[in-house]
Every structure is written in structure tokens, then in C-alpha cells.
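What follows is a single structure, written as C-alpha cells, with notes after it.
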Amino acid sequence: CALPIYSNKLLVRGTFGNPNWISGYLAAIFPFIFLLVLSNKNKLYRYFYSIGAIIFFLFIILLKSRGAWIAFIIGLIFYFFPFILSYAKKIKYKKIALLLFFIFVIFLSVAGYNKLYKMNEASADGRIFVWKVTALMIADKPITGIGYGNYFYKFLDYQEKFFKKPGNKKYISHASELRQCHNEYLQIFAETGILGLSIFLIIIYLAFYNGIKLLIQTEQLEYKILRVTLTSLIIILIHSFVDTPLHNVLPIFLLLFLNIIIISHFWSLNVKTYSKSFLSKSFLLNNSVIKLNCSFSLKKNKKLVLSGFVIFVTLFFLSATLQKAKAYYFWQKGINLVKQEKWNDAINSYKKAWEILPNMGELKFNIGAAYSNLGKPKKAINYIQESLNSFKDKNTYISLGFAYMNIGKYGKAEKVFKKLSKMLPNLLLPHLLLAKLYQDSKRPTECELEIEKVLKMKPKFDDSYSRAIKDEARKLRELLRQ
């Protein structure tokens with residue numbers, strides 16, 4: 001059957017691929033724009049920076065990312081906390097004011113939570129569902145985790161396990177294929193275990209501990225820079241509780257940049273302090289002041305070794321990156337050739353990419369799918385089965401099932417489609433494919449049952465794709481009853 005490909009189009013994607021990530025990133029760099037507005041003495045520049053800040057603020061609001069909003073508000077509270085504290089000291093009835101403030105915060109939190117939750121209940125419930133599936137991964141391997149980068153590969157298996165419990169059937173409408181957990185901390189915990197999570201949290205703790213410590217000691221300009229740096233860091237980390245912004249290049253680069261600012265400030269301050277204390281211990285000898293020069297420079301030979309090492313590492317990673325870029329070029333070329341139905345050329349292009357990326361499961365699946373379309377199901381089965389060792393999605397199982405049907409192995413095809421229907425119980429297509437399989441293998445009763453399932457099921461998205469599947473099921477039922 002010819003069915004349209006489903007595409008979940010988001011209003012704003014950009015190079016991020018998701019409006020939540022865009023909003024979170026804009027919220028994280030907003031404090032730096034705000035600093036430029038406040039600290040720049042040139043009126044013209046301040047005017048342009050102010051326009052930029054307003055545009056950023058409007059985009060953060062209009063993108064409707066609730067996680068980014070919450071992170072942004074908490075970040076602003078941290079930034080303005082010194083002003084709030086200095087103002088609070090001037091109030092006469094401090095205890096009453098503090099009590100009223102806490103009542104206001106609680107009321108605002110409850111009202112805000114209800115309002116934000118009701119903005120998109122399905123999205124909020126979907127996150128809760130995903131976190132529960134992730135909890136199964138954590139419970140299964142709490143120490144070492146399921147393996148870094150394996151979240152997407154393992155998700156469907158754990159989702160199937162989750163739905164085996166009757167009490168979890170209420171979440172069937174949220175079943176999906178996910179690459180990320182919508183919570184950085186849970187995903188780090190699931191993939192790397194308590195060991196990986198501990199390392200991540202220690203790095204964050206040290207950044208904040210040293211950052212706060214530096215705020216007390218630094219001068220005015222450095223103080224402002226550090227405050228916006230910590231504000232930006234807080235926004236990223238709060239947003240990470242409800243999303244996975246660190247799975248995108250720009251936010252992870254920003255996080256590293258923020259840590260570098262804190263480390264460089266900490267290092268420069270400590271060098272100054274050490275130098276002063278060292279020079280203060282200069283001693284008099286024969287009425288001459290001998291000042292010991294505190295120098296952290298390396299000897300020439302050590303500098304050469306270090307420079308050579310840096311150059312070697314840089315060239316190594318540059319070479320590896322260029323090789324990967326070459327592989328992804330051939331991979332994308334293969335995808336474009338598939339769209340033109342040039343199956344042999346696509347396979348040759350995929351194989352060139354595979355020579356560079358031999359462990360890429362998705363690439364093996366692409367080769368298998370191309371062989372299936374070329375009418376070579378046996379070769380397709382070999383590649384697709386091999387791809388399942390490191391890559392899984394609905395298309396993998398659909399292609400494998402079709403390949404088995406094409407060589408008359410209906411029993412194996414049935415197992416594949418049933419497996420998929422358990423992994424994604426809200427997916428219509430596996431049941432339609434089972435109905436077609438039962439029709440081809442002369443099992444009309446089972447065919448009728450699968451058709452009824454398709455027609456009665458409520459899909460996750462009521463779109464043209466789902467309606468096309470239901471129409472196909474109705475046609476099949478009419479054909480069956482003739």
C-alpha cells in the first residue's frame with residue numbers, strides 16, 4: 001500500500017531542530033545582552049543593544065517553551081537577588097515582610113504551575129511518561145548505566161517493558177520513539193549511571209562554588225561579568241530539568257564557555273594573590289632587596305613538548321572530523337539518490353560511508369532498506385538484522401517485516417510486526433500490516449480482527465497519515481467481505 005510519510009512539523013526549528021532549544025538558548029545568552037545594555041557608555045550602542053534585548057525577550061515569550069520561561073525567571077531572580085537583599089535590609093518590619101514574601105512566592109508558584117500545566121497538558125503528561133520509562137533504565141543498571149549514547153537504541157525495549165504493567169496502559173497515547181529524555185540529569189543517570197552523574201554534578205558544583213566565591217572578591221567589572229555568567233549557567237541547568245538542551249552544539253558550547261570564564265577568573269585571581277603573598281616575603285641581604293620572581297612559565301624544552309602534543313591532538317581530531325564529514329557527505333548523497341529511486345547508486349554511496357563508519361547502525365539499515373526496494377529481500381534482511389544491534393526505530397521493523405513477507409516467511413514477519421505493536425501500542429501501521437499479512441496467508445478471521453483494531457484505535461496524531469491508514473483498512477475490509 002502506498003502511504004504518505006508522516007512529518008511532525010514544528011513552527012520554529014532553525015539549526016536547533018526544536019523551538020524549546022532555541023528558546024532556552026536565547027534565555028541563556030540574554031544576561032550577556034542585558035550586561036551590554038547596562039555597562040555600555042555609548043548611547044548609540046546602548047540603543048542597538050536594547051533593541052536586541054527586546055527582540056530576544058519577545059522571542060523567548062513567543063516560542064512558548066514553558067521550561068525556558070521557568071529557567072529564565074529563576075535566572076533573573078538570581079541576578080537581581082543582591083538588589084532584593086539590599087532593599088530588604090531597609091525594611092523596618094523584616095519578619096512580616098519576609099512572611100508576606102514567602103506567601104506571595106508560594107501563591108505565584110501554585111498559580112503559575114496550574115497555568116503552565118494547562119497550557120499543554122499532553123506535553124506535560126508525555127514528559128512524566130518518558131521519565132517513568134527512563135526510571136526503568138536507571139533501576140536496571142544504576143551504577144554503570146545502559147551506555148553513553150544508547151538512550152534512543154534502548155528506549156523502545158524499555159517502553160515495551162513499561163506497557164506490560166496493566167496500570168501503565170493510561171499512557172499508551174504518549175508512546176513514541178525518543179532520542180532524548182527531556183531531562184539532562186535523568187538521561188545522564190540512565191546512560192552513564194551514578195558514576196557519570198556524580199562526575200557531572202561535581203563539575204557543576206565546583207563551577208558554582210568557585211563562581212560564588214569569586215563574586216565576593218572581584219572588582220566591579222569582573223563582578224558584573226561573573227554575575228551574568230552564573231545567571232546564564234543557572235538558566236541552562238534549570239532548563240535541563242525539563243528538556244535536553246545539552247544535546248545541541250550551541251548550548252553545550254555555551255556551557256563550556258561559561259565554565260572557562262569562571263576558571264579563568266579563578267586562576268587569574270589566585271595567581272595575583274599568590275604573587276602578592278610571595279613578593280611580600282622578599283628579604284634584605286647586604287642592604288639589597290632580593291625579590292623572588294614568581295614565574296609559572298615552563299622551560300623551553302617543556303614548551304616544545306607541550307606545543308607538539310597540542311599540534312598532534314589538533315591534527316588527529318581534525319583528520320577524524322574530516323573523515324566523518326566525508327562519510328556524512330556520502331550518506332546524505334545516498335539519501336538524495338533514494339528519493340530519486342536510484343537504488344544501486346544509493347547503495348554504492350551508503351557503502352562508501354559505511355567504510356568510514358562501520359559501526360553506524362542507522363547506516364546499515366539504510367543499505368538494507370535500499371536492497372528491499374531493489375527487490376533483494378535476502379540481502380535486505382542481513383543488513384537490517386545487523387543494524388538492530390545498535391539502532392532501532394519503527395521503520396527498521398517495518399522494513400524487516402516487509403522483507404520477510406517478500407520471501408514468504410510470514411511467521412517471522414508476524415513476529416516482527418507484533419513486536420513493533422507492543423513497543424508502540426498507539427501506532428496504527430503494524431496492525432494494518434498484520435491485516436495484510438493475514439490476508440496474504442489466507443487467515444481471514446485474524447485479518448478482520450486487525451482491521452477492527454486499526455479502525456477503533458485512537459492514534460497519537462489525528463492527521464492525514466493516520467486517516468490514510470484507516471482508509472486503507474476500510475478498503476481491505478471491503479475486499480475481504482466480497
Side-chain angles (χ1 to χ4, degrees), residues 3 5-8 13 15-18 21 130 133 137 145-160 175-181 187 190-191 244 246-249 320-374 376-404 416-417 419-420 423-424 427 429-430 433 465:
L3 296 169
I5 296 169
Y6 169 68
S7 175
N8 185 16
R13 294 170 66 92
T15 55
F16 287 81
N18 190 300
W21 288 349
V130 172
V133 174
M137 299 181 189
I146 59 172
Y148 180 73
N150 279 344
Y151 188 86
F152 174 64
Y153 172 60
K154 296 284 187 180
F155 184 80
L156 284 176
D157 291 327
Y158 281 97
Q159 184 167 259
E160 181 186 359
S176 59
E177 299 170 292
L178 284 178
R179 292 182 181 271
Q180 286 94 33
C181 167
Q187 183 147 348
E191 289 188 345
T244 46
L246 301 182
H247 281 72
N248 199 278
V249 175
T321 303
L322 289 173
Q323 278 292 95
K324 279 192 175 181
K326 183 181 176 183
Y328 283 112
Y329 165 77
F330 284 119
W331 194 347
Q332 186 58 50
K333 186 180 177 181
I335 291 168
N336 293 334
L337 288 166
V338 163
K339 290 176 182 177
Q340 299 169 42
E341 297 186 2
K342 296 179 180 179
W343 309 115
N344 282 315
D345 292 337
I347 289 166
N348 290 332
S349 190
Y350 283 145
K351 284 185 176 180
K352 286 179 183 178
W354 189 32
E355 287 173 7
I356 303 168
L357 301 171
N359 297 317
M360 188 65 73
E362 189 173 358
L363 187 51
K364 291 175 188 175
F365 160 67
N366 288 146
I367 296 170
Y371 270 123
S372 182
N373 283 297
L374 193 60
K376 296 182 178 180
K378 288 184 179 179
K379 279 193 173 183
I381 289 166
N382 291 333
Y383 278 102
I384 295 170
Q385 280 185 328
E386 196 175 343
S387 76
L388 287 170
N389 293 325
S390 57
F391 175 77
K392 286 179 187 175
D393 76 347
K394 61 177 179 289
N395 294 321
T396 316
Y397 286 95
I398 290 166
S399 297
L400 184 60
F402 266 124
Y404 277 130
V416 170
F417 292 143
K419 174 78 173 173
L420 180 58
M423 287 177 164
L424 290 163
L427 198 64
L429 189 55
L433 295 174
Y465 177 73

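Each residue takes its place number in the sequence, starting with 1.
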For the pair [X] (side chain) and [Y] (backbone), establish whether a donor and an acceptor sit closer than 3.5 Å, ignoring hydrogens and angles.
| X | Y | answer |
| --- | --- | --- |
| D345 | K342 | no |
| N150 | Y153 | no |
| E191 | I146 | no |
| S387 | K364 | no |

Minimum heavy-atom separation for [X] to [Y], with atom names?
| X | Y | result |
| --- | --- | --- |
| L424 | A175 | CD2-C, 4.1 Å |
| I347 | A370 | CG1-CB, 3.5 Å |
| Q159 | M423 | NE2-O, 2.6 Å |
| V338 | A346 | CG2-CB, 3.7 Å |
| A403 | I381 | CB-CG1, 3.5 Å |

Side chains of [X] and [Y], heavy atoms from C-beta outward: is any pair under 4.5 Å?
| X | Y | value |
| --- | --- | --- |
| M137 | Y151 | yes |
| F152 | D393 | yes |
| Y350 | I335 | yes |

Run the side-chain contact (heavy atoms from CB on, under 4.5 Å) test on K392 and F155 for me, step by step, so that the C-alpha distance in whole Å, both residues' side-chain angles and the decisive distance to 0.1 Å come before the verdict.
CA-CA 9 Å; K392 286 179 187 175; F155 184 80; over 6 Å; no
Test applied, side-chain contact (heavy atoms from CB on, under 4.5 Å); reference residue, L156; option that passes from E177, K419, K394
E177
Kindly indicate, with the supporting measurements, whether the criterion side-chain contact (heavy atoms from CB on, under 4.5 Å) is fulfilled by L433 and F402.
CA-CA 9 Å; L433 295 174; F402 266 124; 3.4 Å; yes
For the atom pair [atom1] ([X]) and [atom2] ([Y]), what is the distance rounded to the nearest 0.5 Å?
| X | Y | atom1 | atom2 | result |
| --- | --- | --- | --- | --- |
| I367 | N382 | CD1 | CG | 12.0 Å |
| S372 | W343 | OG | CH2 | 9.0 Å |
| D157 | K154 | CG | NZ | 6.5 Å |
| S349 | W331 | OG | CH2 | 11.5 Å |
| I398 | F417 | CD1 | CZ | 7.5 Å |
| S399 | N395 | OG | CG | 6.0 Å |

Would you be so kind as to tabulate the donor-acceptor pairs closer than 3.5 Å made by side chains of residues 351-362, with sequence neighbours excluded?
{"residue": "K351", "atom": "NZ", "partner": "Y371", "partner atom": "OH", "Å": "2.9"}
{"residue": "W354", "atom": "NE1", "partner": "P358", "partner atom": "O", "Å": "3.1"}

Applying side-chain contact (heavy atoms from CB on, under 4.5 Å) to F365 and L388, what does each step give before you reach the verdict?
CA-CA 8 Å; F365 160 67; L388 287 170; over 6 Å; no
Quick one, Y465 with L429, criterion side-chain contact (heavy atoms from CB on, under 4.5 Å). Give me CA distance, side-chain angles, the key distance, then yes/no.
CA-CA 10 Å; Y465 177 73; L429 189 55; 3.5 Å; yes
Exercise: do N336 and Q332 side chains pair donor with acceptor under 3.5 Å:
yes
Identify, with sequence neighbours excluded, every residue that meets side chain to side chain contact (heavy atoms under 4.5 Å, CB included) alongside N344.
L374
